[in-house]
Amino acid sequence: MSGHLDLWPLIHQERTALADDLSELTEEQWATPSLCEGLTVREVLAHLTSAATLNGFRWLAGVIRCRFDFDAQVAMRLAEQMGTSGAETLARFRGVTRSTTSPPLPKPAVLGEAVVHGEDIRRPLGIVSARPIATLIRVADYYQGSDQVVIAKSRVQGLRLQATDGPFASGTGPLVCGSTLALIMAMTGRPAHLDELTGDGVEILRERVDG
């Protein structure tokens with residue numbers, strides 16, 4: 001695979017598309033529970049904003065300040081980016097759509113966060129947004145081989161994944177078929193997308209996601 005520098009344009013594209021999709025939300029819609037347990041769609045967007053403003057130094061400083069409680073660090077940074085309304089949360093996110101600042105994460109993980117959290121937000125709001133298949137393939141390829149940021153590789157171990165809308169395929173074992181996006185979301189532990197998958201391996205994957 002070529003260097004990861006070329007992923008920044010894809011990351012920027014995902015952020016911009018998400019901001020555009022959310023431009024007409026009401027305050028009531030901003031309070032919709034996301035697919036991230038315990039977080040509203042507005043809070044997930046604030047989390048994406050905070051990630052785009054944290055370099056390695058600021059990230060580490062926050063981790064130390066939160067006594068190495070990574071969830072507390074996420075909550076602290078998220079709160080910094082909420083603003084006083086959904087419109088302000090969105091404005092702050094728009095301000096970082098072209099940022100190349102990130103915590104110490106591989107670039108495919110940053111792209112993955114944009115795609116997965118974008119769907120965490122869109123799906124509960126009923127927003128259907130066709131993401132570029134080339135972007136989704138890069139993200140699926142990353143997650144099927146990594147547990148670094150999100151447990152994904154272990155979740156699909158011993159299963160054969162096959163996309164129905166593109167060339168992504170990985171692994172051997174009982175088959176799990178579906179759209180590239182649904183496979184990504186199931187790999188990263190989102191049960192909402194399991195019903196879109198077919199094959200002998202779906203029940204095994206369901207146990208791992210629900211477990």
Side-chain angles (χ1 to χ4, degrees), residues 1-21 34-36 44 47-48 51-52 97 100 102-103 105-211:
M1 189 182 285
S2 61
H4 290 147
L5 287 176
D6 60 334
L7 291 188
W8 280 119
L10 301 184
I11 293 163
H12 297 159
Q13 184 180 10
E14 287 307 301
R15 290 172 180 163
T16 301
L18 180 59
D20 290 346
D21 282 345
S34 74
L35 297 187
C36 285
V44 175
H47 167 64
L48 281 173
T97 51
T100 53
S102 81
L105 298 176
K107 295 300 172 292
V110 180
L111 179 61
E113 288 254 300
V115 168
V116 171
H117 286 325
E119 182 71 359
D120 286 337
I121 291 168
R122 287 185 179 104
R123 188 180 176 103
L125 292 169
I127 297 170
V128 178
S129 182
R131 308 313 318 128
I133 193 68
T135 296
L136 295 179
I137 292 166
R138 295 294 287 269
V139 172
D141 274 337
Y142 170 69
Y143 281 130
Q144 63 84 25
S146 175
D147 281 337
Q148 186 175 352
V149 182
V150 178
I151 298 297
K153 178 184 175 182
S154 300
R155 199 173 270 127
V156 296
Q157 205 155 12
L159 298 174
R160 181 159 68 92
L161 308 183
Q162 178 67 62
T164 53
D165 59 350
F168 173 72
S170 79
T172 55
L175 182 63
V176 178
C177 269
S179 71
T180 311
L181 181 59
L183 290 172
I184 289 167
M185 298 304 286
M187 265 192 269
T188 55
R190 273 66 174 175
H193 294 73
L194 290 168
D195 289 343
E196 296 171 22
L197 302 175
T198 60
D200 295 341
V202 174
E203 284 314 306
I204 298 168
L205 184 55
R206 185 183 297 276
E207 284 174 22
R208 294 176 182 176
V209 169
D210 290 342

Query raised in the report: V110 and E113: side-chain contact (heavy atoms from CB on, under 4.5 Å), yes or no, with the steps?
Result: CA-CA 5 Å; V110 180; E113 288 254 300; 5.7 Å; no
Query raised in the report: Ignoring hydrogens and geometry, is there a side-chain-to-backbone donor-acceptor pair from D147 to K153 under 3.5 Å?
Result: yes
Requested in this report: Look at the side chain of D141 and the backbone N and O of F168, then say whether any donor-acceptor pair between them is shorter than 3.5 Å.
Outcome: no
Report summary line: So OG1 of T97 and NE2 of H12: to nearest 0.5 Å the spacing works out to 7.5 Å
Report summary line: Value for OG1 (T188) from CD1 (I184), rounded to nearest 0.5 Å, stands at 8.0 Å
Requested in this report: Enter the distance from L181:CG to L136:CG here, rounded to the nearest 0.5 Å.
Outcome: 5.5 Å
Query - Over all atoms of both residues, closest heavy-atom pair of E196 and A182 - result: OE1-CB, 3.6 Å
**Report entry** Donor-acceptor under 3.5 Å (S146 side chain, Y142 main chain)
**Finding:** no
Report summary line: Of all heavy-atom pairs linking T180 and A140, the shortest is CG2-CB, 4.0 Å
Query raised in the report: To the nearest 0.5 Å, how far apart are SG in C36 and CG in D120?
Result: 4.0 Å
Requested in this report: Identify the two heavy atoms, one from R138 and one from L111, that lie closest to each other, and give their separation to 0.1 Å.
Outcome: CB-CD2, 4.2 Å
Query raised in the report: Are S179 and D165 linked by a side-chain donor-acceptor pair shorter than 3.5 Å?
Result: no
Report task. Apply side-chain contact (heavy atoms from CB on, under 4.5 Å) to the pair R123 and H193, showing each step before the final yes or no. Result -> CA-CA 10 Å; R123 188 180 176 103; H193 294 73; 3.3 Å; yes
Report task. Could you tell me whether a side-chain N or O of R155 sits under 3.5 Å from a main-chain N or O of M187, the two making a donor and an acceptor? Result -> yes
Report task. Could you walk me through whether Q148 and L105 pass the side-chain contact (heavy atoms from CB on, under 4.5 Å) test, one step at a time? Result -> CA-CA 9 Å; Q148 186 175 352; L105 298 176; 5.9 Å; no
Requested in this report: Decide yes or no on side-chain contact (heavy atoms from CB on, under 4.5 Å) for I204 and L159, but give the supporting numbers first.
Outcome: CA-CA 9 Å; I204 298 168; L159 298 174; 4.1 Å; yes
Report task. Starting from the C-alpha separation in whole Å, work towards a yes-or-no answer on salt bridge (Lys or Arg N to Asp or Glu O under 4.0 Å) for E119 and R122. Result -> CA-CA 5 Å; E119 182 71 359; R122 287 185 179 104; 5.4 Å; no
**Report entry** Under 3.5 Å: donor-acceptor pair, side chain of T164, backbone of G178
**Finding:** yes
Query raised in the report: Atom SG of C177 and atom CG of L183: how far apart are they, to the nearest 0.5 Å?
Result: 8.0 Å
Requested in this report: With the side chain counted from C-beta on, respond yes when M185 and L35 share a heavy-atom pair under 4.5 Å apart, and no when they do not.
Outcome: yes
Query raised in the report: Judged by atom type as modelled, is there a donor-acceptor pair below 3.5 Å linking the side chain of R131 to the main-chain atoms of A17?
Result: no
Report task. Could you grab the distance from atom OG of S170 to atom CG of L161, nearest 0.5 Å is fine? Result -> 4.0 Å
